[in-house]
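Just so it is clear, the values below take in all heavy atoms, side chains as well, and ignore hydrogens, waters and symmetry mates.
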Amino acid sequence: MMDIKLAFCEKKAATTAITSDVIDFLQKAPTTGLNDRPLYVVCKFPTALAGTSIVIAIEDSDNNSDFAPVLVSGTLKPADTTKGLALPMPVKHRRYVRLKTTPTSITGGTMTAYLSDVIEVPTTYKVEGIEFLPGAAA
């Protein structure tokens, strides 16, 4: 589930640098209150990236103007982003937080990014026991 107030960007073109909207934690030394669960920066790519590489950074600021990186993804190739990403949000950060990307020869693709304590993990499991088939007579 995505909370619009915790969204950095939605379906932004990744061909040029993205500087997202700012999320204001409304306190000088923010705490999520989620001591039992980590917070993630979830990055999805509704339209697959094409090109060379992209770097994703999370920046913070005390005054909403002087931003510095607190998390940097490293260089990601388009193949690294096909299933999306979940970057752990740093526990310590300042009041204002934003996402910034640095694309290198990205020729296509879009990005959606938001903060969440839930990440989608694909699961495969075997069904055991009795199966009821639709339309089967009882």
Side-chain angles (χ1 to χ4, degrees):
M1 180 166 60
M2 183 173 83
D3 182 334
I4 195 67
K5 291 184 179 181
L6 298 178
F8 288 111
C9 62
E10 186 172 3
K11 295 181 182 177
K12 289 262 188 171
T15 54
T16 58
I18 296 170
T19 300
S20 77
D21 295 334
V22 172
I23 295 175
D24 183 354
F25 279 83
L26 300 172
Q27 41 186 305
K28 185 176 180 178
T31 176
T32 63
L34 299 172
N35 295 332
D36 62 333
R37 299 187 305 272
L39 196 58
Y40 297 95
V41 178
V42 178
C43 302
K44 296 183 178 187
F45 301 87
T47 307
L49 294 185
T52 306
S53 65
I54 193 166
V55 174
I56 301 168
I58 300 300
E59 300 179 331
D60 71 353
S61 170
D62 280 328
N63 57 14
N64 201 15
S65 63
D66 299 319
F67 284 87
V70 290
L71 170 71
V72 180
S73 70
T75 302
L76 301 167
K77 296 181 178 166
D80 299 329
T81 65
T82 56
K83 295 182 181 178
L85 302 167
L87 306 170
M89 180 66 184
V91 174
K92 293 187 177 188
H93 57 82
R94 297 179 288 174
R95 177 177 175 170
Y96 301 97
V97 177
R98 71 181 182 187
L99 177 138
K100 192 169 187 178
T101 66
T102 306
T104 302
S105 300
I106 293 294
T107 57
T110 59
M111 179 177 177
T112 295
Y114 55 92
L115 287 174
S116 181
D117 65 333
V118 177
I119 55 173
E120 295 173 17
V121 178
T123 56
T124 304
Y125 57 91
K126 182 180 176 184
V127 176
E128 295 182 15
I130 299 171
E131 291 186 44
F132 295 94
L133 301 174

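With rounding to the nearest 0.5 angstrom, the CG atom of D117 is 9.0 Å from the OH atom of Y40. Separating the CG atom in L71 from the CD1 atom in I58 is a distance of 6.0 Å, to the nearest 0.5 Å. If you take CG on L6 and CG on L39, they are separated by 7.5 Å, rounding to the nearest 0.5 Å. For the atom pair OG1 (T52) and NZ (K77), the distance works out to 9.5 Å, reported to the nearest 0.5 Å.
Contact detail for G51 and P78: the closest heavy-atom pair is O-CG, 3.4 Å. When all heavy atoms are compared, the tightest approach of L99 to F8 is N-CD2, 3.6 Å. In terms of heavy atoms, T15 sits closest to G108 at CG2-N, 3.5 Å. The nearest pair of heavy atoms linking P90 to V70 is CG-O, 3.6 Å. Taking all atoms of both residues into account, the shortest heavy-atom contact from P103 to T16 is CG-C, 3.6 Å.
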Note to self: Using the rule given for side chain to side chain contact (heavy atoms under 4.5 Å, CB included), can you reason through L76 versus L85, listing the C-alpha separation, both sets of side-chain angles and the distance that settles it, and then say yes or no?
What the structure shows: CA-CA 10 Å; L76 301 167; L85 302 167; 3.4 Å; yes

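At a threshold of 4.5 Å between non-hydrogen side-chain atoms, the residues M111 and T81 do not count as touching. Side-chain contact check for L115 versus V41: some heavy-atom pair is nearer than 4.5 Å. Between M89 and V97 there is a side-chain heavy-atom pair separated by less than 4.5 Å. Between T19 and F67, every side-chain heavy-atom pair lies at or beyond the 4.5 Å cut-off. For the pair K44 and Y114, the minimum side-chain heavy-atom distance is below 4.5 Å. With contacts defined as side-chain heavy-atom distances shorter than 4.5 Å, the pair C43/I56 qualifies.
Legend: side-chain hydrogen bond (donor to acceptor under 3.5 Å, both in side chains) pairs involving residues 58-68, not counting sequence neighbours, sorted by first then second residue: E59-R98, D60-R94, S61-N63, N63-S65, N63-D66.
Among the candidates T104, V55, I54, the single residue satisfying the side-chain contact (heavy atoms from CB on, under 4.5 Å) test with T75 is V55.
Judged by distance alone, the side chain of T47 and the main-chain N or O of T110 form no donor-acceptor pair under 3.5 Å.
D80 is linked by a side chain to side chain donor-acceptor pair (under 3.5 Å) to nothing, counting only residues two or more places apart in sequence or in another chain.
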